[in-house]
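Below is one structure; the comments refer to it alone.
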2 protein chains.
Amino acid sequence: MVGVSPALVSMVLNGKAAQYRIGEEVARRVVKTANEMHYAPNLVAKNLRSGKTQLVGLIVTDISNPFYSAIARIVEDRASELNYTVLISSTDENLKNTERLVDVLLNKGVEGLILVPCDGSMKLIQRLYDSHFPTVLLDRYFPDIDLSSSCLDNYKATELATEHLLGQGYKNIALIAYNTEMHHILDRISGYEDTMKNAGLSAYVHVRKVNILNPKPDIREALEELIHSEHVDAIMFLTNMLATNGLYCLNEMNVKIPDDVAVVGFNGNDAFHLFYSPITYIRQPIEQIAKGSIDILIKSIKKSNYKSKLFLEPELVIQQSSQRHP
Amino acid sequence: MVGVSPALVSMVLNGKAAQYRIGEEVARRVVKTANEMHYAPNLVAKNLRSGKTQLVGLIVTDISNPFYSAIARIVEDRASELNYTVLISSTDENLKNTERLVDVLLNKGVEGLILVPCDGSMKLIQRLYDSHFPTVLLDRYFPDIDLSSSCLDNYKATELATEHLLGQGYKNIALIAYNTEMHHILDRISGYEDTMKNAGLSAYVHVRKVNILNPKPDIREALEELIHSEHVDAIMFLTNMLATNGLYCLNEMNVKIPDDVAVVGFNGNDAFHLFYSPITYIRQPIEQIAKGSIDILIKSIKKSNYKSKLFLEPELVIQQSSQRHP
DNA sequence: CCTCCAAGCTAAATCGTTTTAGCTGATGGA
DNA sequence: TCCATCAGCTAAAACGATTTAGCTTGGAGG
């Protein structure tokens, strides 16, 4: 339409008019015409030529889980600011799915991955590490693999919560955890165990591990035993899902909170606040975790060998469920 | 590596060996070598060549809202089965954002859009309709625009709930709605109003509209008035967010449910179930809405002029909060 | 008057596929 | 013996952009 070659148009529209000594008058006509016809470059062609896709992958266990959807929202917003598009997938805590999704996303040309690794994914993560593909672990990490990560300081989280319960006069404190080898859970367990031991309460350490995929029956069983046989006076749940399921069970068992037993949960939600005895919980700095992960990822993409590990500060939101005399 | 032309490799790997009369022996060698070298075609090049991106856009108001993240999960799974990738964005109920995101996604080459339109987006939707770009409205629709949609039967939803409350002996029933012109809300209001009128209770129709972006103060004010001045005996909330905020207010006001007032919410969540008086709510068939939207979209992409409007059945989950004598 | 240089532009290659047209050699029929 | 046919393959164009090398023109300098 302007009567010049595509090459010239490309140069002008990419702001390289000066660099290529394009005549001012011609450059102006090109820009004007481009605007008038609402020209938008074909990104696919651009990507093919440049080898860049401006795509990143976000693999979580389940995007319908509010924790991960909150993360996704922030990652997406930040990525968009940085001119990247996010592809989101869910693994359902399944290793085969995770492996498949990594392959699928790589094939789609993502330039980096934010990944919530599931149980048993150590080998996959090691492969990713060996390949030097820009990758950031989110929420969960492997202490033996030197990969970037953005996680909660899990040890401190349960340390904080246990100290709070001890401070309230609770001694016989139980923990409901997943049956897993994932380190974020192991750290949370250690934070609790160490704090109990340091307080001279080793005898009162109770850790119950439940099936991650169908936790409710295991939780019920554990709670029955802990309350009726072990006579615990406080229960800490290591994840939001465990806490929520636990509250259903405690209601069914007609256990009163905090009179019969104190409760501490993980990751607040409306159910915790609206509960008849609002639930004390460990708050993760979701914003920082999410933003940290995408910022690290983009840096890794732009500068190979960039690496960073974030362990972010938990916060204890103290409500009625953990206070002896509210 | 096999010593044949790229063309032949392409034919074989796309399963067109027979069609192009490729020798069996050669075809076998190509497949074998492709596997051995872990060949995966470059999707960007494929897309450029074919003009297809296998991308669809999903524009919701907020992906961190559990309703929409549940939708996103299902859409994503179904799209993946159909060999499409979903690009998700959030508008925050803002028209300018919506317009921008539509442009961004179109520029990224999505072949279709699933869209939750916000207040005031009628013109945008009309443009989309006029352009014949494959588009499906989700959750909300425009009766005057003949665009595909996948929504709840909103009228029936509140009709069902109002009838239930009337059946329980409640008469002075109030409604908390958004201050909006969006038809899904207007339909919900009509379902309530008509049912009240048909029962001869026009005098007891109370509709309060609150600000969609900062509803809590408005809700508090409305509730104070409805309960203390109008002496309503039941309150229906038109969305999950309204109901959740409403419960916070009712707790603050020390109103007992259902003794002082009955409550019906929208879209169940753990908070409703764990509430001291579990909340009766209208359940949307999320799975059907989500699956419906993506299935319609893909059909529209494959067959231009395909159109379909779904109005899916609500279900009332009756719990303690709406029963006079539980 | 010729040479040289710079300014301002274009042609062509390239990215990795797919598809169309066409080439080659063997076979069969007349 | 010669042509037609067909199986089995390849060359080349195309998708839409970017980039490199190179072309033309006019003016300055010798």
Side-chain angles (χ1 to χ4, degrees), chain A residues 1-55 83-85 103-111 133 301-302, chain B residues 1-55 83-85 103-111 133 301-302:
Chain A
M1 290 178 60
V2 185
V4 298
S5 70
L8 188 147
V9 173
S10 170
M11 293 162 182
V12 171
L13 294 184
N14 286 292
K16 301 186 178 166
Q19 176 186 336
Y20 287 111
R21 313 175 293 203
I22 311 293
E24 285 196 22
E25 142 76 9
V26 175
R28 227 174 304 126
R29 286 219 318 279
V30 167
V31 171
K32 182 155 167 281
T33 309
N35 287 334
E36 280 171 8
M37 68 188 289
H38 293 111
Y39 171 81
N42 178 318
L43 292 185
V44 176
K46 233 175 159 130
N47 290 341
L48 177 59
R49 175 63 222 230
S50 68
K52 312 272 166 178
T53 55
Q54 301 294 119
L55 245 39
N83 229 323
Y84 281 81
T85 302
D103 282 350
V104 166
L105 288 179
L106 289 183
N107 184 233
K108 283 183 180 152
V110 296
E111 296 177 34
F133 186 78
I301 290 174
K302 301 211 161 148
Chain B
M1 292 179 60
V2 186
V4 297
S5 71
L8 188 148
V9 173
S10 170
M11 293 161 181
V12 170
L13 296 184
N14 285 294
K16 303 186 178 167
Q19 176 186 337
Y20 287 111
R21 311 172 298 205
I22 310 294
E24 286 195 21
E25 142 75 9
V26 175
R28 229 174 302 126
R29 286 218 319 278
V30 168
V31 171
K32 183 154 165 283
T33 309
N35 287 335
E36 281 172 8
M37 67 188 289
H38 293 112
Y39 170 81
N42 179 318
L43 291 185
V44 176
K46 238 178 154 125
N47 290 342
L48 177 60
R49 174 64 222 227
S50 66
K52 314 270 167 180
T53 56
Q54 301 294 121
L55 244 39
N83 229 322
Y84 280 80
T85 302
D103 281 350
V104 167
L105 289 179
L106 289 183
N107 184 233
K108 282 183 181 153
V110 296
E111 296 176 36
F133 186 78
I301 291 174
K302 301 210 162 149

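Lettering follows sequence order; numbering is per chain, from 1. For the numbers below, each heavy atom of this structure counts, side chains included, while hydrogens, waters and symmetry mates do not.
Side chain of B:Arg49, nearest nucleotide from D:dA13, D:dC9, D:dG16: D:dA13.
The NZ atom of A:Lys52 sits 12 Å away from the P atom of D:dT19 (whole-angstrom rounding). A straight line from CG of B:Asn107 to P of D:dG16 spans 14 Å, rounded to a whole angstrom. Remark: P of D:dC15 and CG of A:Leu43 are 18 Å apart, rounded to the nearest angstrom. Rounded to an integer number of Å, the gap from B:Gln19 CD to D:dC9 P is 15 Å. As rounded to whole Å, 15 Å separates atom P of D:dA17 from atom CG of B:Asn47. Note: CD1 (B:Ile22) to C1' (D:dC6) measures 14 Å, nearest angstrom. Taking atom CD of residue B:Glu24 and atom C1' of nucleotide D:dA7, one finds them 13 Å apart after rounding to whole Å.
Side-chain contact between B:Val9 and B:Val2 is absent, with no heavy-atom pair separated by less than 4.5 Å. A heavy-atom distance below 4.5 Å is found between the side chains of A:Val110 and A:Phe133. Considering only heavy atoms from C-beta on, A:Lys32 stays 4.5 Å or farther from A:Arg28 through its side chain. Residues B:Arg49 and A:Leu48 form no side-chain contact, since every pair of their non-hydrogen atoms from C-beta on lies 4.5 Å or further apart. Taking the side chain as every heavy atom from C-beta outward, A:Glu111 and A:Thr53 approach each other to under 4.5 Å.
When DNA chain C is scanned 5' to 3' for any atom under 4.0 Å from a heavy atom of chain A, the first and last hits are C:dA7 to C:dG16.
For B:Gln19, the CD atom is densely surrounded, since the number of other residues' heavy atoms within 6.0 Å is greater than 12. Atom CD of A:Glu36 is surrounded by more than 12 heavy atoms from other residues, nucleotides or ligands within 6.0 Å.
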Original post:
Can B:Tyr20 and B:Asn14 be said to form a side chain to side chain contact (heavy atoms under 4.5 Å, CB included), step by step?
Top reply: CA-CA 11 Å; B:Tyr20 287 111; B:Asn14 285 294; over 6 Å; no
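B:Gly51 comes within contact range of no nucleotide atom at all, as no heavy-atom separation falls under 4.0 Å. Residue contacts shown for B:Val4 are limited to sugar-phosphate atoms, with no base heavy atom under 4.0 Å away. Within the 4.0 angstrom heavy-atom criterion, only backbone atoms of the sugar-phosphate kind lie near A:Val26; the bases stay farther away.
Where B:Ala45 and B:Lys16 each meet DNA chain C at their nearest nucleotide, the meeting point lying more 5' is that of B:Ala45. When each of B:Gly3 and A:Met11 is assigned the nucleotide of DNA chain D bearing its nearest heavy atom, the one mapping closer to the 5' terminus is B:Gly3.
Within the 4.0 Å cut-off from OP1 or OP2 of D:dT18, at least one side-chain nitrogen or oxygen of A:Asn14 is found.
With a 3.5 Å limit on both pairing distances and Watson-Crick or G-U wobble geometry required, the stems of 3 or more pairs in DNA chain D span C:1-30 with D:1-30.
For A:Asn47 (side chain) and A:Leu43 (main-chain N/O), a donor-acceptor pair under 3.5 Å exists by modelled atom type.
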